[in-house]
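Heads up: the structure comes next, in structure tokens.
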Amino acid sequence: MDIQATVDRLNDYRKDAAQTRESYRSQAQRNTETMQPEYSREQNATLLAAAQKRLSRLAEDAQGEVNRAQTKFDKAIDDLFNNREFDANMAAQLDNLEKIDLTGDEFTYYARQFKDSSLAMRRLAAIAKDQGYRVNGPTIDVMNGLKNDAIQDLQDVADSVAAGGVDTNMTAELIATDSAEKAKTTVEAFNRTAENGFTVTANNQAAE
């Protein structure tokens, strides 16, 4: 899946929000400096209401982008784990595997055997963990974890829109920009993990 368009739109909303906020600030300052106090307060109140309405709409649009990304992730995971078959034979085989010590290569063999059943893979991953191994690959827990990380990063960008876009505070701007980049990196990991097969490593070894 691809979220580049989502990130681009969120960044556009962020810039629009910053421009809206800055336009209000500069115009309100000019009004304060050039108008009688009572009239400037009235004009600035009108400007503020318009700016707040615009920012609220941008924040809603930004949140809509995050919600649509969530839906795309959920569909991708559903498509990946559309086979939830878990029959009595699988259950019996996994019961037997739980009773014996397996090597990493043996776990890899069974991971390939059960890869089309998300429920069987979850059970196999638990057995591997109990025996000191880690199943690396597109298990449903791994994919949901990557999805949640990406959605949180996108949410951080959307929240910056609600806060007024790119802030004049450089730290806030860098955080929002970093979140957008992290979301893209996480999606790349999501796609790569979905495409790769399963491997098994000991817990004290790095995954390939």
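Values below: all heavy atoms of this structure, side chains included; hydrogens, waters and symmetry mates excluded. Note that the structure is a prediction, hence the values are computed from the model and not measured.
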(message) So, using side-chain contact (heavy atoms from CB on, under 4.5 Å) as the criterion, who are the partners of Val142 when residues are at least two apart?
(response) Thr139, Leu146, Thr193
(request) Working to the nearest 0.5 Å, report the span between CE of Met121 and CG of Leu94. (result) 9.5 Å
(message) Assess the residue pair Arg134 and Asn136 against the criterion (side-chain hydrogen bond (donor to acceptor under 3.5 Å, both in side chains)); give the C-alpha distance rounded to whole Å, side-chain angles, the decisive distance to 0.1 Å, and a yes or no.
(response) CA-CA 6 Å; Arg134 180 175 62 253; Asn136 309 300; 3.1 Å; yes
(request) Report the residues that fulfil side chain to side chain donor-acceptor pair (under 3.5 Å) with Asp61, sequence neighbours left out, ordered by chain and then residue number. (result) Arg57
(message) In the structure I gave you, are the side-chain heavy atoms of Phe107 and Val135 within less than 4.5 Å of one another anywhere?
(response) no
(message) With a 4.0 Å cut-off on N to O distance, would you call Lys184 and Glu181 a salt bridge?
(response) yes
(message) If you define the side chain from C-beta out and look only at heavy atoms, does anything of Glu42 sit under 4.5 Å from Glu38?
(response) no
(request) Answer yes or no: is there a donor N or O on one side and an acceptor on the other, between the side chain of Ser23 and the main chain of Gln19, under 3.5 Å? (result) no
(message) Are Glu65 and Tyr13 packed together at the side-chain level, in the sense that at least one heavy-atom pair is separated by less than 4.5 angstrom?
(response) yes
(request) Output the distance between atom NZ (Lys99) and atom CD1 (Ile127), rounded to the nearest 0.5 Å. (result) 11.0 Å
(message) Keeping Ser56 on the side-chain end and Lys53 on the backbone end, is there a donor-acceptor pair under 3.5 Å?
(response) no
(message) So Thr177 and Arg14, do their side chains get closer than 4.5 Å, heavy atoms only?
(response) yes
(message) Looking only at the side chains, is there a donor atom on one of Arg41 and Asn44 sitting less than 3.5 Å from an acceptor on the other?
(response) no
(message) For the backbone of Phe114 and the side chain of Ser117, can you confirm whether one donor and one acceptor N or O come within less than 3.5 Å of each other?
(response) no
(message) As an exercise, state the distance from CD of Gln113 to CG of Leu124, rounded to the nearest 0.5 Å.
(response) 9.5 Å
(request) Give the minimum heavy-atom separation between Gly164 and Leu55, together with the two atoms involved. (result) CA-CD2, 4.3 Å
(message) Could you check whether atom CD of Gln36 has more than 12 heavy atoms from other residues, nucleotides or ligands sitting under 6.0 Å from it?
(response) no
(message) Testing the basics here: between Ala183 and Ala150, what is the closest heavy-atom pair and its distance to 0.1 Å?
(response) CB-O, 4.0 Å
(message) Does Asn96 have more than 12 heavy atoms from other residues, nucleotides or ligands lying within 6.0 Å of its CG?
(response) yes
(message) According to a hydrophobic-cluster definition based on side-chain heavy atoms being under 4.5 Å apart (Ile, Leu, Val, Met, Phe, Trp, Tyr only), do Ile3 and Val66 belong together?
(response) yes
(message) Quick check: closest heavy atoms across Val7 and Ala180, and the distance to 0.1 Å?
(response) CG1-CB, 3.8 Å
(message) Between Arg123 and Asp95, does any side-chain N to carboxylate O distance fall below 4.0 Å?
(response) yes
(message) How long is the straight-line distance from OH of Tyr133 back to CD of Glu106, given to the nearest 0.5 Å?
(response) 8.5 Å
(request) Any chance you could lay out the side-chain hydrogen bond (donor to acceptor under 3.5 Å, both in side chains) test for Glu98 and Gln131, step after step, and finish with the verdict? (result) CA-CA 9 Å; Glu98 194 170 21; Gln131 295 193 23; over 6 Å; no
(message) Assess whether a salt bridge exists between Lys182 and Asp149, defined as any Lys/Arg side-chain N lying under 4.0 Å from an Asp/Glu carboxylate O.
(response) no
(message) What's the separation between atom CG in Leu80 and atom NZ in Lys75, rounded to the nearest 0.5 Å?
(response) 11.5 Å
(message) Is it the case that the side chains of Asn89 and Gln93 hold a donor-acceptor pair, with the cut-off being a distance below 3.5 Å and no angle test?
(response) no
(message) Donor-acceptor check, side chain of Asn148 to backbone of Asn144, threshold 3.5 angstrom: yes or no?
(response) yes
(request) Could you tell me whether Arg192 and Glu195 have a side-chain N and a carboxylate O separated by less than 4.0 Å? (result) no
(message) Quick one, Met1 and Val187 - any side-chain contact, counting heavy atoms below 4.5 Å?
(response) yes
(message) Can you tell me how far apart CG (Asp78) and CE (Met143) are? Round to the nearest 0.5 Å.
(response) 12.0 Å
(message) Whether Asp2 and Lys72 form a salt bridge (side-chain N of Lys/Arg under 4.0 Å from carboxylate O of Asp/Glu) is what I want to check.
(response) no
(message) Counting C-beta onward and ignoring hydrogens, is there a side-chain heavy-atom pair between Gln70 and Leu154 closer than 4.5 Å?
(response) no
(message) Would you say Tyr109 ends up clustered with Val200 if hydrophobic residues are merged whenever their side chains have heavy atoms under 4.5 Å apart, either directly or through other cluster members?
(response) yes
(request) Taking all non-hydrogen atoms of both residues into account, name the closest pair between Thr6 and Ala69 and its distance. (result) CG2-CB, 4.5 Å
(request) Verify side-chain contact (heavy atoms from CB on, under 4.5 Å) between Ile77 and Phe190, making sure each step is shown before the conclusion. (result) CA-CA 10 Å; Ile77 291 174; Phe190 181 94; 3.8 Å; yes
(message) List the residues meeting side-chain contact (heavy atoms from CB on, under 4.5 Å) with Gln152, not counting sequence neighbours, and say none if there are none.
(response) Gln155, Asp156
